[in-house]
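See structure below.
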Amino acid sequence: MRVWAIAVAAVVTATVSTAPYSLALWNDADTVDAGAISSGTLDAAIASGQTVPTTATTVALPSLSGMLPGESRGEAFTIRNTGNVDLAISAAAENAYLGFDLSPGACTAALPPGTPLSAVPVRVGDPIPPATNASFCLRITLLETVSPSLQNQSVGAYEIDLIGMSSR
């Protein structure tokens, strides 16, 4: 009897492993259209203020000396889409003593808050069409939690990373 069970198990195993079908409860196949693949150039330039950018990919940010806790300062910059596809901008920034937010448009005296920035990039503003300039306002705030012992001291370097990507 035991030999018979082993022989049956071997035949079933051989049949299942060589069968040209699946034992899945559901199986389906469908044809997918190839679709269109397109390419483009994704490129940008940046300039401080309202200056029309040409080829620069970096811009120096201002010194923040003399700031009081809770005080904000704005820095305007312009990005030009020098590629031939729409350019979406994401930004990231991180500093233990400074807060950053970014908004599309020019800086105004009131410096309204924009999109808060952190170490994780976040998309800011609408996509920039090719051969078009877009203004942005970076608001930098000395956090109110900064210790008085740091008065007239450097609170460390800061950097804003702008990431451009196709909006498609």
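The structure displayed is predicted, hence computed values, not measured ones.
Looking at every heavy atom in both residues, Ile128 comes nearest to Ala134 through CD1-CB, 3.6 Å. Shown here for Leu162 and Ile46, the closest heavy-atom pair between the two residues is CD1-CD1, 3.7 Å. The minimum heavy-atom distance between Pro104 and Gly125, with the atom names listed, is CG-CA, 3.9 Å. Across every non-hydrogen atom of Thr78 and Thr51, the tightest pair is CB-O, 3.6 Å. Residues Val122 and Thr115 come closest through the heavy atom pair CG1-CG2, 3.7 Å. Contact detail for Asp86 and Pro129: the closest heavy-atom pair is OD1-CA, 3.4 Å.
Within the structure, side chain to side chain donor-acceptor pair (under 3.5 Å) contacts touching residues 128-138 (residues at least two apart or in different chains) are Gln50-Ser135, Arg80-Asn133. The ring pair (Phe, Tyr, Trp, His ring centres under 6.0 Å) analysis of residues 46-67, with sequence neighbours excluded, yields no pairs. Identified under the ring pair (Phe, Tyr, Trp, His ring centres under 6.0 Å) test for residues 51-74, with sequence neighbours left out: none. Pairs engaging residues 78-129 under the ring pair (Phe, Tyr, Trp, His ring centres under 6.0 Å) rule: Phe100-Tyr158 [sequence neighbours left out].
Summarising the geometry, atom OG1 belonging to Thr58 is positioned 10.0 Å from atom CD belonging to Glu159; distances are rounded to the nearest 0.5 Å. With rounding to the nearest 0.5 angstrom, the CG atom of Asn81 is 10.0 Å from the OG1 atom of Thr41. Distance CD1/Ile163 to CG/Leu87: 11.5 Å, rounded to 0.5 Å. The CG atom of Leu117 lies 10.5 Å from the CZ atom of Arg139; values are rounded to the nearest 0.5 Å.
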Side-chain donor/acceptor pairs under 3.5 Å, residues 69-77, sequence neighbours excluded:
residue	atom	partner	partner atom	Å
Glu71	OE1	Leu68	N	2.8
Ser72	OG	Thr141	OG1	2.6
Arg73	NH1	Ser65	O	3.1
Arg73	NH2	Ser65	O	3.2
Glu75	OE2	Ser48	OG	3.1

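Around the CG atom of Asp161, the shell of radius 6.0 Å holds more than 12 heavy atoms that belong to other residues, nucleotides or ligands.
Side-chain atoms of Asp101 come within 3.5 Å of backbone N or O of Gly114 as a donor-acceptor pair.
No side-chain heavy atom of Leu143 sits under 4.5 Å from any side-chain heavy atom of Leu98.
Considering only residues two or more places apart in sequence or on other chains, Ser147 meets the side-chain hydrogen bond (donor to acceptor under 3.5 Å, both in side chains) condition with Ser149.
Placement of Leu111 and Ile160 in two distinct hydrophobic clusters is found when ILVMFWY residues are connected by side-chain heavy-atom separations under 4.5 Å, directly or transitively.
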Inset, instruction - Decide side-chain contact (heavy atoms from CB on, under 4.5 Å) for Met165 and Ser90; before the verdict, give the C-alpha distance in whole Å, the side-chain angles of both, and the deciding distance to 0.1 Å. - result: CA-CA 8 Å; Met165 63 191 80; Ser90 292; 3.4 Å; yes
